[in-house]
S.K.: 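Could you have a look at this structure, given as structure tokens, before my questions?
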Amino acid sequence: MTEQVRVRFAPSPTGPLHIGGARSALFNYLLARRTGGQFIVRIEDTDLERSSRESEENILDSLAWLGITWDEGVRVGGPHAPYRQTERLNTYRDAADKLIAAGKAYRCYCSEEELEAERQAFSEKGELPRYSGKCRCLTPDDEQRYQAEGRRPVLRFRVPDEGAVVIDDQVRGQVTFECEGIGDFIIVKSDGIPTYNFAVVIDDALMDITHVVRGEEHLSNTPRQVLIYEALGLKQPRFAHVSLILGKDRSKMSKRHGSTSVVAYQSQGYLPEALINFLVLLGWSPAGEEEIFSLEALCEQFSLERVAKSPAVFDADKLNWLNGMYIRQAAPERIRDLALPFLIEAGYVPAEPDEVMVQKVGLMVQAIQEKLVNLGEVTTMAPLFFGETVQFESEEAKAVLAEEQVPVVLQAFLQKLTDGRALEPGTIKAIFKEIGKETKHTGRKVFMPVRVALTGQMHGPELHFLIPALGSHVAEVRVRTTAAEAGLAL
RNA sequence: GGCCCGUUGGUCAAGCGGUCUAAGACACCGCCCUUUCACGGCGGCUACAGGGGUUCGAAUCCCCUACGGGUCACCA
């Protein structure tokens with residue numbers, strides 16, 4: 001029998017999509033695509049305080065940006081709708097009633113203060129702080145009295161006193177938890193909203209989820225969930241807990257380590273395919289030696305068997321390398337269009353650029369595409385292309401213009417630059433050839449002075465790309481002003 | 001602290017008892033290419049946490065220790 005794989009990504013909308021969440025989503029997505037199964041996106045918004053529609057939109061937008069699509073869930077609907085937990089409250093209530101009727105769950109009237117005091121007492125005695133189970137055997141009279149006091153009960157799951165829960169994890173192998181170490185936990189809060197541990201089980205079961213692939217932080221929750229599956233007689237999915245993504249100091253990835261949200265990387269100018277490629281390599285390894293993968297390629301290669309157990313440190317260097325890789329491979333027009341917003345933001349380009357400006361940016365991109373690490377960098381390179389004047393980056397640069405062949409070379413350059421021919425990479429190359437022939441100066445002796453006169457710097461993009469991007473007017477002005485500054489009369 | 005999980009070079013990682021005097025990638029260093037930078041090519045550097053077992057043989061299996069991480073909420 002070949003069971004149809006059904007996996008899901010179930011974020012809680014309490015903030016933007018985290019890099020770790022994105023990887024979980026990716027793994028689920030890939031597993032579904034690889035097996036011809038379905039991928040579901042469900043929203044776990046039972047934390048009323050912290051959940052917001054904005055976060056939900058942000059998360060969904062980030063997934064879409066990454067190219068991760070889903071077959072069922074919010075935005076697209078499906079046979080198991082609704083896909084937002086706050087819209088499924090009746091379903092959870094039914095399940096809770098069942099548990100109460102079977103004596104597997106009970107009402108607890110303890111206040112948070114009482115619980116806190118209890119935990120305190122336990123830890124002072126050197127024991128593990130947990131729920132004592134004191135509401136386990138309340139009589140109807142007790143309950144009535146509490147109710148009269150105005151107490152709102154929570155619903156607790158009655159955890160067996162003995163026994164153990166064994167999880168056969170797809171990436172970790174067999175993991176055993178003793179029931180003894182699990183206190184009776186809350187499945188419905190006093191406001192009637194189910195807790196995560198409860199709702200997740202009901203939803204996964206009702207939505208026929210076959211594999212739960214999620215972060216390792218959920219591993220210790222899993223025995224509680226398994227207990228609920230068992231109590232309700234529901235079919236359990238296979239579990240796969242993927243290790244966490246760590247920061248440079250090996251602690252859980254957080255703001256201190258830099259950007260943690262997908263939007264942050266998006267706004268820094270990373271390409272979605274680079275982020276995908278990077279993320280998949282964090283915890284999963286290909287069978288062969290190739291490491292550059294498109295989403296489509298990953299859909300054919302991904303497998304849970306090759307997911308690593310150990311946590312991975314987020315390596316920004318490698319992300320940068322990958323991003324540069326994808327930028328180099330991308331069509332120049334695409335990079336140009338992606339670069340435009342950055343230049344507009346930085347004030348180099350008007351909000352509504354005309355065709356001439358777009359073309360200029362296109363030429364600029366052509367010149368720097370091979371050295372860009374991320375799109376945001378166009379902003380730091382922009383001064384090279386915008387503005388009529390430049391500064392010498394160093395005395396060493398300025399000194400280049402003091403070499404004896406410079407006046408002749410620059411004069412020749414200026415003359416050819418303004419003789420009316422169209423400025424294209426080909427003609428620029430021709431110009432340098434002509435200069436060589438006419439002045440008998442070639443190589444470094446002609447390129448370097450022109451470069452410095454044009455940019456004030458000794459390094460930079462190919463001149464045959466740079467000059468067309470500048471245009472003959474700006475180029476001429478820059479050469480004349482820098483030359484003058486260096487004490488040269490042209 | 002209890003309970004879980006993990007530990008191969010600076011980083012990501014291959015390896016699933018012999019073919020390991022341990023692959024590949026990023027980073028780093030050197031060389032080459034080149035008008036500069038970058039790209040690209042070539043080469044180099046550096047690792048099985050420690051200690052006990054099991055076995056003819058262990059990076060691979062078991063135990064202990066150390067270290068790292070996760071989790072112990074009316075958050076997910």
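In what follows, chains are A, B, ... by sequence order, proteins preceding strands, each numbered from 1. Worth saying up front: this structure is predicted, and the values here are computed from it rather than measured.
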S.K.: Using a cut-off of 4.0 Å on non-hydrogen atoms, how would the nucleic acid contact of His441(A) be classed: base, sugar-phosphate, or nothing?
M.R.: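 No contact.
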
S.K.: Taking 4.0 Å as the cut-off, does a side-chain nitrogen or oxygen of Arg107(A) come that near to OP1 or OP2 on C74(B)?
M.R.: no

S.K.: Taking only the P atom of each, what is the distance from C28(B) to A38(B) in whole angstrom?
M.R.: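 To the nearest whole Å, 10 Å.
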
S.K.: Side chain of Phe447(A) only, please: which of U35(B), C12(B), C5(B) is the nearest?
M.R.: U35(B)

S.K.: A76(B) phosphate, OP1 or OP2: any side-chain N/O from Thr46(A) under 4.0 angstrom?
M.R.: yes

S.K.: Can you measure Leu454(A) atom CG to U35(B) atom P for me and round it to whole angstrom units?
M.R.: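 Value for this atom pair: 18 Å.
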
S.K.: Nearest to the side chain of Arg50(A) - U35(B), G70(B), C75(B)?
M.R.: C75(B)

S.K.: Expressed as a whole number of angstroms, how long is the span from Leu155(A):CG to C74(B):C1'?
M.R.: 12 Å

S.K.: Using a 4.0 Å heavy-atom cut-off, does Ser51(A) contact any base of the nucleic acid, only the sugar-phosphate backbone, or nothing at all?
M.R.: nothing

S.K.: Report the distance from atom CZ of Arg306(A) to atom C1' of G15(B), rounded to the nearest whole Å.
M.R.: 9 Å

S.K.: Counting side-chain heavy atoms from C-beta on, which of A27(B), C74(B), A38(B) comes nearest to Ile186(A)?
M.R.: C74(B)

S.K.: Contact class for Gly283(A) vs. all strands (heavy atom < 4.0 Å): base, sugar-phosphate, or nothing?
M.R.: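 Result for Gly283(A) = sugar-phosphate.
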
S.K.: Strictly below 4.0 Å: does Ser285(A) bring a side-chain N or O up to OP1 or OP2 of A14(B)?
M.R.: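 Result: yes.
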
S.K.: Determine the interatomic distance between P on C3(B) and the same-named atom on U21(B); round to the nearest Å.
M.R.: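 To the nearest whole Å, 39 Å.
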
S.K.: Please classify the nucleic acid contact of Arg152(A) as base, sugar-phosphate, or nothing, using heavy-atom distances under 4.0 Å.
M.R.: nothing

S.K.: RNA chain B: Leu48(A) or Lys371(A), which has the more 5' nearest nucleotide?
M.R.: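 In this pair, the answer is Lys371(A).
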
S.K.: Under 4.0 Å, counting only non-hydrogen atoms across every strand here, what does Val154(A) touch: a base, just sugar-phosphate, or nothing?
M.R.: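 Here Val154(A) touches the bases of the nucleic acid.
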
S.K.: By the 4.0 Å heavy-atom rule, please label His218(A) as base, sugar-phosphate, or nothing.
M.R.: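 Answer is base: heavy atoms of His218(A) come under 4.0 Å of a base.
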
S.K.: CG of Leu319(A) versus C1' of A27(B): gap in Å, rounded?
M.R.: 14 Å

S.K.: Measure the distance from CG on Asp317(A) to C1' on C28(B) and round it to the nearest whole Å.
M.R.: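 Between C1' of C28(B) and CG of Asp317(A): 10 Å.
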
S.K.: Once you round it to whole Å, what is the distance between C1' of U71(B) and CD of Glu216(A)?
M.R.: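 Those two atoms, CD and C1', are 10 Å apart.
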
S.K.: If you look at every strand shown and take non-hydrogen atoms under 4.0 Å, does Ser190(A) touch a base, only sugar-phosphate, or nothing?
M.R.: base

S.K.: Measure from the side-chain heavy atoms of Lys318(A) and tell me the nearest of U11(B), G70(B), C12(B).
M.R.: C12(B)

S.K.: So if I take every side-chain heavy atom of Glu291(A) and compare against G24(B), C26(B), G40(B), which nucleotide ends up nearest?
M.R.: G24(B)

S.K.: What does Glu178(A) touch in the nucleic acid at a heavy-atom separation under 4.0 angstrom: a base, only the sugar-phosphate, or nothing?
M.R.: nothing

